[in-house]
Amino acid sequence: MILTGLLLIALALLGAPLFAVIAAGAVLAFGRADIDQIAVVMEVYRIAETPVLLAIPLFTFAGFILGESRAPSRLVRLSDALLGWMPGGLAVIALVTCALFTAFTGASGVTIVAMGALLYPALKDAGYRENFSLGLVTTSGSLGLLFAPSLPLILYGIVAEVSVDRLFIAGILPGSLMVLALGLWSFREGRFLQRAAAEPQAFSMGEAWAAVRAAAWEIPLPFIVLGGVYTGFFAVSEAAAVTVVYVLVVEVLIYREITLTRLPAVMRESMVLVGGILVILGASLASTNAMIDAQVPARLFEFVTAHVSSKLTFLILLNLFLLVLGTMLDVFSALVIVVPLLLPLAAGYGIEPIHLGMIFLANMQIGYCTPPVGMNLFIASYRFDKPVVALYRATLPWLLILFACVLLITYWPWLSLALVQ
Amino acid sequence: MSSEDREARRPTRPAAQAFEGGGVLGRSLRFLGGIEDFVLVLLLAVMIGLAGWQIIARNLLDTAVIWGDPLLRVLVLWVGFFGAVAASRDDRQINVDVVTRVAEEPWRSRIRVLTDLFTAAVSGFLAWHAVRFVRDAEAFGETAFGSVPLWLTAIVLPLAFGLLCFRYLLLAGFHLRRSINPETGG
């Protein structure tokens, strides 16, 4: 059993698609327990029995349309008109717009490609240091992971069987903490920069109004999604349906930035991501079941509780484990494989599933930017034509700040739970 | 976003598509890919239309299509699996790519032959069990929702796993050729 496990891990490290590795694990485990392996397929079919999942293809497609349109530049213009007057304003704008955009596109790398392309040159023109600008656009690619309607947040709700609406609300404070902390760092950089060269632009009522008018159709979007879900008017999947229809009407029919002939390509592109995630989810439904049959979570629980006595120690170990995990796996695979194992453990130490979700995702957010496989690093390296090693250095201060936030989120449950209780 | 940006998000040239090449085989593969894409786009369009209609019907007309919600759930499965087939055609399944990123040719291709064959084997095995699942569902006359038979909604599983198996066999063949002769494609 250990041998086959190691073999599968070796295959995963060699680059075999994770869905195949996970499915193979389930097949072998069911075989060992003398359960007909048709069970694997039956588990996969459960995808068709999970209502919230509908939100994933719909939100993803809506995010891809937004990324494909000129919404990013309107968003940047709007924030520039509103926040450009303050020192470090542009950097703060970059953070806020990236966070918003990532929430809608699910940290799939679209943020770096679509927003980074606008913000990186703008930051450099405004006189920000190269490393500061690079670090900002790279780390911001996953900032906003904790804000509704981000894909990982929805997926956590499905895997952990926690209400997605409550997760949407729970993410507000921890997510804002991260934006705020990085914002202060940018503010400091801005003051430093002001002395050197550039002067902040004065606030212009005319430009602000023009920017609001340009983005008039997109400004209501967060309110439709968040307002609809927070007030309980829409279920999450309904909010997704409204979002996708709204975005289609706005970008295709009103702004006309995406032609009807272009639409099928965007649909396909977005569903490649969705397919990649769902097939892993399907396989992991089977592997989780196989693990429960083999009493893996129970044994893990016994083992950990025998060795780790206090909640504090557990949380420290959890943080370390998740940070390492985040460097190896993308957030989606990590979620579906590890969360079912962590839930009973966390419950044993009195950690709320919602709090666990915040800890998990906050850690994973850092994992996006840590070597060796941090996705943001590679996308940024490709997009801005910089060696990955240069990005390691550029992102370091940002990661340290995010790490401090992760510690706060981990050891101060109030932050995650205040709004949902 | 320009097409240049789109390329930036796709660092490696899709090997499976490079393999398609010319000739009868290439043409049939492109034809198959075209059908897959068409079905995928159609399914998503139906999903969006139906999901949108359900909300209008429920909130404004005070009715809703009864089979609408279960059908939407089945569509998620179908879209997901056709999306997964598309991901395989682009060679963009989610994986850990530390080793393949640093490995040099011909080792990169040799490793790929191994992992491609493994994935094909797993997909083929699942396709076979999915066929059994569909057959059982038909034999027992199980229904998915309303009077819609389960075998019909579940048939996407043998289909998609079969296509995944096929795609990874093609990829394995492509990487095998390239491990012998690095000049081949890609």
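Chain naming here is simple, since letters A, B, ... match the order of the sequence lines and numbering starts at 1 in each.
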Task: V44(A) versus chain B, the contacting section by heavy-atom distance below 4.5 Å - done: both
Open item on the list: Under 4.5 Å from any heavy atom of chain A, what part of L126(B) do you find: side chain, backbone, both or neither?
Closed with: both
TODO: Check whether L44(B) gets within reach of chain A through its side chain, its backbone, both or neither, counting any heavy atom under 4.5 Å.
DONE: both
Open item on the list: Does any backbone or side-chain atom of V122(B) lie under 4.5 Å from a heavy atom of chain A? Answer side chain, backbone, both or neither.
Closed with: side chain
- [ ] Heavy atoms only: give me the nearest T119(B)-A20(A) pair and the separation to one decimal.
- [x] CG2-CB, 3.7 Å
- [ ] Taking the side chain as every heavy atom from C-beta outward, state whether Q93(B) and L18(A) have any pair of such atoms under 4.5 Å apart.
- [x] no
Task: Gap between atom CZ of R58(B) and atom CZ of F234(A) - 0.5 Å precision - done: 11.0 Å
Task: Proximal component of L50(B), with respect to chain A [non-hydrogen, under 4.5 Å] - done: neither
TODO: Can you tell which part of V40(A) gets under 4.5 Å to a heavy atom of chain B, answering side chain, backbone, both or neither?
DONE: side chain
List, one per line, each side-chain donor-acceptor pair under 3.5 Å for residues 133-153 of chain B, sequence neighbours excluded.
| residue | atom | partner | partner atom | Å |
| --- | --- | --- | --- | --- |
| T153(B) | OG1 | Y45(A) | OH | 2.6 |
| T153(B) | OG1 | L150(B) | O | 3.0 |

Task: Which atoms of L28(A) approach chain B - backbone, side chain, both or neither, heavy atom under 4.5 Å - done: neither
TODO: Salt-bridge test for E36(B) and R268(A): reply yes if a basic N is under 4.0 Å from a carboxylate O, no otherwise.
DONE: no
Task: Contacting moiety of E49(A), where chain B heavy atoms sit under 4.5 Å - done: backbone
Task: Under 4.5 Å from a heavy atom of chain B, the part of S73(A) involved - done: neither
TODO: Could you list all the ring pair (Phe, Tyr, Trp, His ring centres under 6.0 Å) pairs where at least one residue sits in residues 46-78 of chain B, not counting sequence neighbours?
DONE: none
Open item on the list: Are L53(A) and R73(B) packed together at the side-chain level, in the sense that at least one heavy-atom pair is separated by less than 4.5 angstrom?
Closed with: no
Task: Winner by heavy-atom pair count (cut-off under 4.5 Å) against chain A, out of I111(B), I56(B), L164(B) - done: I111(B)
Open item on the list: For I66(B), is the CD1 atom crowded, meaning more than 12 foreign heavy atoms sit under 6.0 Å from it?
Closed with: no
Open item on the list: A side-chain contact here means heavy atoms from C-beta on lying under 4.5 Å apart; do N95(B) and F19(A) qualify?
Closed with: no
- [ ] State, to 0.1 Å, how close A51(B) and A241(A) come at their nearest heavy-atom pair, and which atoms those are.
- [x] CB-CB, 3.7 Å
- [ ] Below 4.5 Å from any heavy atom of chain B, which atoms of A24(A) appear? Answer side chain, backbone, both or neither.
- [x] both
Open item on the list: Heavy-atom cut-off 4.5 Å, strictly under: side chain, backbone, both or neither for L40(B) against chain A?
Closed with: side chain
Task: Heavy-atom pairs under 4.5 Å with chain A, option from I55(B), V74(B), L42(B) with the top count - done: I55(B)
Open item on the list: Need one label for Y168(B): side chain, backbone, both or neither, based on atoms under 4.5 Å from any heavy atom in chain A.
Closed with: side chain
TODO: Taking the side chain as every heavy atom from C-beta outward, state whether D36(A) and H129(B) have any pair of such atoms under 4.5 Å apart.
DONE: yes
- [ ] List the steps, then state whether side chain to side chain contact (heavy atoms under 4.5 Å, CB included) holds for L278(A) with F81(B).
- [x] CA-CA 7 Å; L278(A) 285 190; F81(B) 271 82; 5.8 Å; no
Task: Region of L248(A) that comes under 4.5 Å of a non-hydrogen atom in chain B - done: side chain
TODO: Check each atom of I38(A) against the heavy atoms of chain B and say whether the ones under 4.5 Å are side chain, backbone, both or neither.
DONE: both
- [ ] Determine the option with the most heavy-atom pairs under 4.5 angstrom with chain A, choosing from D37(B), L72(B), D69(B).
- [x] D37(B)
- [ ] Answer yes or no: is there a side-chain heavy-atom contact under 4.5 Å between E238(A) and Q54(B)?
- [x] no
- [ ] Pick one of side chain, backbone, both or neither for L54(A), based on which atoms fall under 4.5 Å of a heavy atom in chain B.
- [x] both
Open item on the list: What I'd like to find out is whether the side chain of S333(A) reaches to under 4.5 Å of the side chain of I94(B), using heavy atoms alone.
Closed with: yes
Open item on the list: Please classify the contact between F82(B) and chain A as side chain, backbone, both or neither, with a heavy-atom cut-off of under 4.5 Å.
Closed with: neither
Open item on the list: Out of V245(A), L11(A), V274(A), return the one with the most heavy atom pairs under 4.5 angstrom to chain B.
Closed with: L11(A)
- [ ] Against chain A, label S123(B) side chain, backbone, both or neither, depending on which of its atoms sit under 4.5 Å from a heavy atom there.
- [x] side chain
